[in-house]
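A short write-up of the structure that comes next.
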Amino acid sequence: MTDWTDADALDLSDGETFETLLDRAEIREKGHYFEFFEPGDELTHDPGLVLSKAGSEDWMGQTLNHDPAYWRPDRARERGFESVPVHPDYLLACVMGVTVEDLSEKGGYFLGRDDVTIHRTPIPGTELAVSSTVVETTPSSSRPEYGIVTWETVGRDRETGDRLVSYERTNMIPRREPTATDGSGTVTDSGDGEDGGDAGPAVPDTLVTPGGGHFEDFRAALDRADETDAAVAYAHERGRTMDDGLVSGLPLSTLNTARQHHNRDVMADSPSGDIVAYGDVTRSIALAHARSDEATYREWRYDAERFHDFVTLGDTIYGFTRVLDCDGETGPERAGAVTFEHVAYNQHRTPVYSGRRTALLQRSHR
């Protein structure tokens, strides 16, 4: 009988020997199929990632979120922070990143996120405690090999138990056994839109651009638009081309191990044909373009975040913004709340992300 524990019993450098062994080997799987999830299930995500100053600054630098309040103590104090916090986009990406192994490592379309609330912005050195609850599971009407799962996720400070961020996320998740389907529906299972005929989409004749980046500038722009039946909407000049650091490096730094961000071999046969960007990277770049044209005081909440198309290596991400509301009664005396709709689009002018964001913007008489 051969002693297979003998190091010399097998020559694993021999191609034929290795291929034979690989054909016989059982793959130890990572992640869960759609059938694993049941509404009401609670999952605790164990990694306990520690938020770091270096990680936050790398995220900001790579995504063009160059806000000095998140690296300079004097500017942080001006914004009402006791000390320099981590950037909220980095916080959100880390909280979602540590959930991937349990929720979505098998792959599948990231359909969207709702009710994203920043409860508190922590400082570097904070250890995360992250948990998720299955909200809903639904078979996909468009892709029989997938199902749709929605989770509610909460990220907390492990030491104090304080909530830092919470949201609902919806993904397509591969099924272990495809289900029968008539093939109807769309990728996002959102149904067909109404036929607009030959008239084209209804859009305003005039778009108004704010004269500056403070709260009063946005409120004045909305007043001006209301008087002329126009909309406050504008594009941002900056663009950011997706490179290896953005597509693979940033997701892995947040423990996002989903194969679609780093395994080109698997993704070669996927609809995208290549590895794709982490949705939070695409989103953060688009928001950075918008923030560069604002006097942002504090991030607050996000809603109706949707991902519309693949973003792959070499794509360039631009930003477009529409202003929806100004609320001067919300926030501290030195700031007011502005609600935006942001769109990320690529070099082909194709929308790849959209979402609503409410932020506190500084008043000009601070």
Side-chain angles (χ1 to χ4, degrees), residues 30-49 51 86 88-122 126-140 146-175 187-190 251 254-258 260 278-284 287 299-308 339 342 353-359:
K30 294 290 188 183
H32 299 297
Y33 288 99
F34 171 76
E35 291 85 350
F36 173 83
F37 300 103
E38 294 288 342
D41 287 352
E42 296 184 3
L43 299 94
T44 299
H45 311 292
D46 188 53
L49 181 67
L51 301 172
V86 300
D89 288 2
Y90 169 69
L91 166 66
L92 181 58
C94 286
V95 168
M96 185 160 148
V98 300
T99 72
V100 165
E101 184 173 357
D102 296 323
L103 304 186
S104 56
E105 179 154 336
K106 286 295 185 191
Y109 299 100
F110 178 11
L111 298 181
R113 199 165 42 199
D114 292 289
D115 196 23
V116 185
T117 303
I118 305 296
H119 301 281
R120 183 169 67 81
T121 306
T126 300
E127 183 178 357
L128 294 175
V130 183
S131 61
S132 297
T133 302
V134 180
V135 175
E136 185 178 14
T137 61
T138 309
S140 170
Y146 288 92
I148 301 171
V149 185
T150 297
W151 305 275
E152 180 184 16
T153 295
V154 179
R156 293 181 172 86
D157 181 325
R158 184 176 295 275
E159 181 178 351
T160 66
D162 292 342
R163 279 190 169 212
L164 304 176
V165 64
S166 60
Y167 58 85
E168 282 195 359
R169 169 164 74 112
T170 300
N171 265 68
M172 277 189 166
I173 300 295
R175 299 180 68 101
V187 169
T188 58
D189 283 48
S190 58
T254 68
L255 304 188
N256 184 337
T257 52
Q260 56 261 39
Y278 180 16
D280 268 330
V281 173
T282 301
R283 165 194 182 274
S284 189
L287 298 189
E299 294 293 314
W300 188 10
R301 61 177 292 110
Y302 317 89
D303 204 5
E305 295 193 319
R306 302 291 181 263
F307 296 87
H308 306 290
T339 298
H342 298 297
Y353 159 86
S354 63
R356 293 196 295 269
R357 162 178 167 257
T358 300

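The figures here come from the full heavy-atom set of this structure, side chains too, leaving out hydrogens, waters and symmetry mates.
- Between Arg120 and Leu164, some side-chain heavy-atom pair lies under the 4.5 Å cut-off.
- In this structure the side chain of Thr254 reaches within 4.5 angstrom of the side chain of Tyr278, judged on heavy atoms.
- Residues Trp151 and Asp102 are not in side-chain contact: their nearest non-hydrogen atoms beyond the backbone lie 4.5 Å or more apart.
- Across all their heavy atoms, Ala258 and Ser104 have their closest contact at CB-O, 4.3 Å.
- Not a single salt bridge (charged side-chain N to carboxylate O under 4.0 Å, His left out) links Arg169 to another residue, sequence neighbours left out.
- Residues Thr153 and Met96 fail the side-chain proximity criterion, which asks for heavy atoms closer than 4.5 Å.
- Side chains of Glu168 and Thr150: no donor on one and acceptor on the other come within 3.5 Å.
- In summary, the side chains of Thr44 and Ser131 do not present any donor paired with an acceptor at a separation below 3.5 Å, with no hydrogens or angles considered.
- Contact check for Leu103 versus Asn171: no side-chain heavy atoms found under the 4.5 Å cut-off.
- In plain terms, the two heavy atoms of Phe34 and Ile173 that are nearest each other are N-CG2, 3.5 Å.
- Phe37 approaches Asp41 most closely through the heavy-atom pair C-OD2, 4.0 Å.
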| Glu299 and Arg357: CA distance, side-chain angles, deciding distance, salt bridge (charged side-chain N to carboxylate O under 4.0 Å, His left out) verdict | CA-CA 8 Å; Glu299 294 293 314; Arg357 162 178 167 257; 2.8 Å; yes
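- In terms of heavy atoms, Ser166 sits closest to Val154 at CB-CG2, 4.2 Å.
- Here the side chains of Lys106 and His32 are not in contact, with every heavy-atom distance at 4.5 Å or above.
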| request: Just do the side chain to side chain contact (heavy atoms under 4.5 Å, CB included) check on Thr257 and Lys30 with the steps written out, would you? | output: CA-CA 10 Å; Thr257 52; Lys30 294 290 188 183; over 6 Å; no
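- Nearest heavy-atom pair across Ser132 and His45 is OG-NE2, 2.8 Å.
- To the nearest 0.5 angstrom, Leu51 atom CG is 9.5 Å from Glu127 atom CD.
- With rounding to the nearest 0.5 angstrom, the CZ atom of Arg158 is 12.0 Å from the OG1 atom of Thr126.
- Annotation for Asp89 and Arg283: closest pair OD1-NH1, 3.3 Å, computed over non-hydrogen atoms.
- From Glu105, atom CD reaches atom CD of Gln260 across 9.0 Å, with rounding to the nearest 0.5 Å.
- Asn256 CG to Leu49 CG: the interatomic distance, rounded to the nearest 0.5 Å, is 11.5 Å.
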| task | Applying side chain to side chain contact (heavy atoms under 4.5 Å, CB included), run through Asp280 and Arg113 and close with a yes or a no. | result | CA-CA 10 Å; Asp280 268 330; Arg113 199 165 42 199; 2.5 Å; yes
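- Between Leu91 and Leu128 the shortest side-chain heavy-atom distance falls below 4.5 Å.
- Taking the six-membered ring where tryptophan is involved, the planes of Tyr353 and Phe307 are tilted, since the angle between them lies from 30° to 60°.
- Residues Glu101 and Leu255 have side chains not in contact (no heavy-atom distance under 4.5 Å, counting atoms from C-beta outward).
- Taking the salt bridge (charged side-chain N to carboxylate O under 4.0 Å, His left out) definition, one finds that Arg306 meets it with Asp114, sequence neighbours left out.
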| Under the side chain to side chain contact (heavy atoms under 4.5 Å, CB included) criterion, do Thr282 and Phe110 qualify, and how do the steps go? | CA-CA 12 Å; Thr282 301; Phe110 178 11; over 6 Å; no
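- To the nearest 0.5 Å, the span separating CZ on Arg156 from CD on Glu159 amounts to 15.5 Å.
- Within the model, atoms CG of Leu111 and CE of Met172 stand 5.5 Å from one another, a figure rounded to the nearest 0.5 Å.
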